[in-house]
Amino acid sequence: MWEIDHTKDDGENTKASSGAVYLDGKAIHREPTKQVAKKMAVLPQSPEAPAGLKVKELVAYGRYPHQSGVRSLTGEDHRVIEQALEQTGMETFKDREIEALSGGQRQRVWIAMALAQETEVLLLDEPTTYLDLAHQLEVLQVLKTLNETKRRTIVMVIHDLNHAARFADYMVALKQGAIMQAGSPEEVMQKQVLKDVFHIDADVVLDPRTNKPFCLSYDLLRTGGE
Amino acid sequence: MQKRRTMIISVLLIFIVSTFLVSMTLGTFTMSPAEVFQTFFGLGSSQQELVLFQFRLPRMVLAILVGAGLAVSGAILQALSRNDLADPGILGINAGAGLAIVLFIYFFQGSYADLGWSIYLLPMFAFLGALVAAFLIYTIAWKQGVTPVRLVLVGIGINAGFMALLIVFQLRMNPNDFMQATIWLTGNIWGSSWTYVLAIFPWLFVLMLLVLRDANTLNVMRLGDASSVSLGVRVEQVRRRLLVFAVGLAGASVAAGGAISFIGLVAPHIARRLVGPRHGVMIPVAALVGAFFLLFSDMIARNVLSPSEIPVGIIVAMIGAPYFLYLLMKTA
């Protein structure tokens, strides 16, 4: 599980003007889109489902890259969908309309859809935004379990440093598109790194509950900066 | 679920067939159901045969085709714009088709009467007009890709522009043509002959098959660009293709039925309420709803002020506008 932290105005809106993104050693812009979709799923920030769509129907959309033409779902498709619902704890909700769910449940449905895509890599853009504290943990724990038990590579952008440190095996701190520091949470969650990336003076302690570095409190650094 | 779907489709078919049957007996020239039945099996008078086979039947078949075409066009546009209030009328695609046809008649024919073989060119022209409108909307809305909101807003602007142009050309027509053009733009199934049916049927049939083949893609597109890309859709390419389908359906429909509004908006919406938002099921149901809606409205339009007819577009608007307002109030 990888997590990427960055200052909001940087990485977010940066568009690659040169270079290429490689997946399994292949430049993805040269690969057929459907082929890429079988290897990597991307969950955008706050996606929206059309009104009236049911949980299992949205999850079934995740099979799109594996389907061809008008053919309806195969037995294999149904098996994968069931499994995705189960892994995200949504099987009891499968006949409910998505609109009727809580924020955390909705996010789990979208994760289930991405799982139904059966990709090795799952990219998430701030999956915990707009969720309350309990729902944030709920979503992150689902992802952690997938990472540990199903061996999926999970890469996500997240602003909450403490969540990143708690759940990630590997953290990358970005500033204006450049990697400032990468490594284990212990290597990245350091006073100096936080100062360089966010211009903050942070108190990093060890969380007694998780044994991971934890940013207890911080102040903005007053020196002019940029 | 499967059962409910089958039931809804059966009920819609029963509605269409019964409206069809009732509609055959109604009109200035009255025929009893028994007479219709006899005429149908070749036992009626020559006058009865003329009215039934040459006037009423083709017109009813056209109503069904046009209603279905507009409904499917609306369903595609709503998915592409991710906006349940989009439809070919609101986006200016109908106006584009309408302008092309008015221009065609203005320059080449001089009169609506007796178009002869060039009837077969009409869907082509309507399609071109609709395509020009869609092209303008798409290019003006383009800004490193097309966002749904820009698509809708630009569409509304294009609609207003085309409507203004239409008025310019209408004002230069002779009073008789002006009257005809106005009726046509309100929406009127004017070409009630088998020639028109033959002219638009192949278009609609092929396009609808193509759209159904893309039902799964439409489902994914409705989730937005980011999700579509993640699921392996080449978004801009697919959006262009589906836009051409929607334009083709609207263009052919407008060629035969004039600029009928609201059906493209209301039919997909009713279909979603009946069977949910998945396009594989929703689109056929929307087509049936649209077909029934226009067939029924046309029956009223032909008969309510008999012997004179009122444009079917007025009836559609009288039913559609309140529903549209209700939708707006509910979604706001």
Side-chain angles (χ1 to χ4, degrees), chain A residues 13 15 17 28-29 31-73 77 94-95 97-99 109-111 113-119 121-126, chain B residues 1-2 4-5 75 78-86 144-145 148-149 208-238 268-285 327 330-331:
Chain A
N13 300 318
K15 281 214 167 123
S17 50
I28 61 171
H29 67 280
E31 290 275 286
T33 321
K34 265 201 174 178
Q35 289 306 316
V36 176
K38 286 180 189 171
K39 292 184 197 160
M40 181 176 77
V42 185
L43 193 55
Q45 199 176 355
S46 45
E48 251 178 79
L53 197 68
K54 293 191 175 127
V55 169
K56 63 176 180 195
E57 295 171 342
L58 181 69
V59 177
Y61 288 1
R63 297 305 294 162
Y64 180 80
H66 301 272
Q67 289 174 295
S68 55
V70 282
R71 265 197 298 133
S72 51
L73 299 170
D77 289 329
K94 66 181 179 186
D95 290 311
E97 288 186 9
I98 295 161
E99 293 164 295
V109 179
W110 285 97
I111 293 172
M113 183 186 91
L115 286 179
Q117 221 173 311
E118 281 194 301
T119 58
V121 182
L122 178 56
L123 303 188
L124 301 102
D125 187 5
E126 300 185 38
Chain B
M1 195 57 210
Q2 189 75 43
R4 182 183 147 84
R5 202 185 303 162
Q78 289 174 10
L80 290 186
S81 65
R82 302 186 65 207
N83 187 329
D84 290 352
L85 299 179
Q144 296 171 332
V149 180
M208 284 199 196
L209 285 185
L210 288 171
V211 172
L212 277 179
R213 217 180 56 131
D214 263 336
N216 285 340
T217 310
L218 275 166
N219 286 339
V220 171
M221 287 293 282
R222 180 64 182 79
L223 300 179
D225 288 3
S227 296
S228 305
V229 171
S230 167
L231 288 166
V233 177
R234 300 180 66 180
V235 175
E236 286 305 336
Q237 196 193 5
V238 166
H269 200 268
I270 293 174
R272 265 194 295 272
R273 300 198 107 187
L274 291 173
V275 292
R278 285 183 306 164
H279 291 85
V281 196
M282 186 271 261
I283 283 185
V285 172
L327 267 189
K330 237 190 79 190
T331 47

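Naming: A, B, ... by sequence-line order, numbering from 1 per chain. Values reported hereafter were calculated over all heavy atoms of this structure, with side chains retained and with hydrogens, waters and symmetry mates removed.
- For A:Glu99, the salt bridge (Lys or Arg N to Asp or Glu O under 4.0 Å) criterion is met by no residue, not counting sequence neighbours.
- Heavy-atom neighbours of A:Glu48 CD from other residues, nucleotides or ligands within 6.0 Å: at or below the threshold of 12.
- Heavy atoms closer than 4.5 Å to chain B are found in the side chain of A:Leu58, but not in its backbone.
- By number of non-hydrogen pairs under 4.5 angstrom with chain B, the leading residue of A:Pro47, A:Ala114, A:Pro65 is A:Pro65.
- Screening B:Asn216, B:Thr217, B:Asn219 against A:Tyr64 for a side chain to side chain donor-acceptor pair (under 3.5 Å) leaves a single residue, B:Thr217.
- Annotation: the span from B:Leu231 atom CG to A:Arg63 atom CZ amounts to 11.0 Å, rounded to 0.5 Å.
- Judged as a side chain to side chain donor-acceptor pair (under 3.5 Å), and not counting sequence neighbours, the contacts of B:Gln78 are B:Arg272.
- Counting heavy atoms from C-beta on, the side chains of A:Met113 and B:Leu223 come closer than 4.5 Å.
- Judged by distance alone, with hydrogens and angles left aside, the side-chain atoms of A:Gln117 form a donor-acceptor pair with the main-chain N or O of B:Ser230 at under 3.5 Å.
- Within 6.0 Å of NZ on A:Lys94 lie no more than 12 heavy atoms contributed by other residues, nucleotides or ligands.
- With a 4.5 Å cut-off on non-hydrogen atoms, B:Arg273 does not touch chain A at all.
- Highest contact tally toward chain A, considering only B:Ala226, B:Gly280, B:Pro277, B:Ala79, is held by B:Pro277 [criterion: heavy-atom pairs under 4.5 Å].
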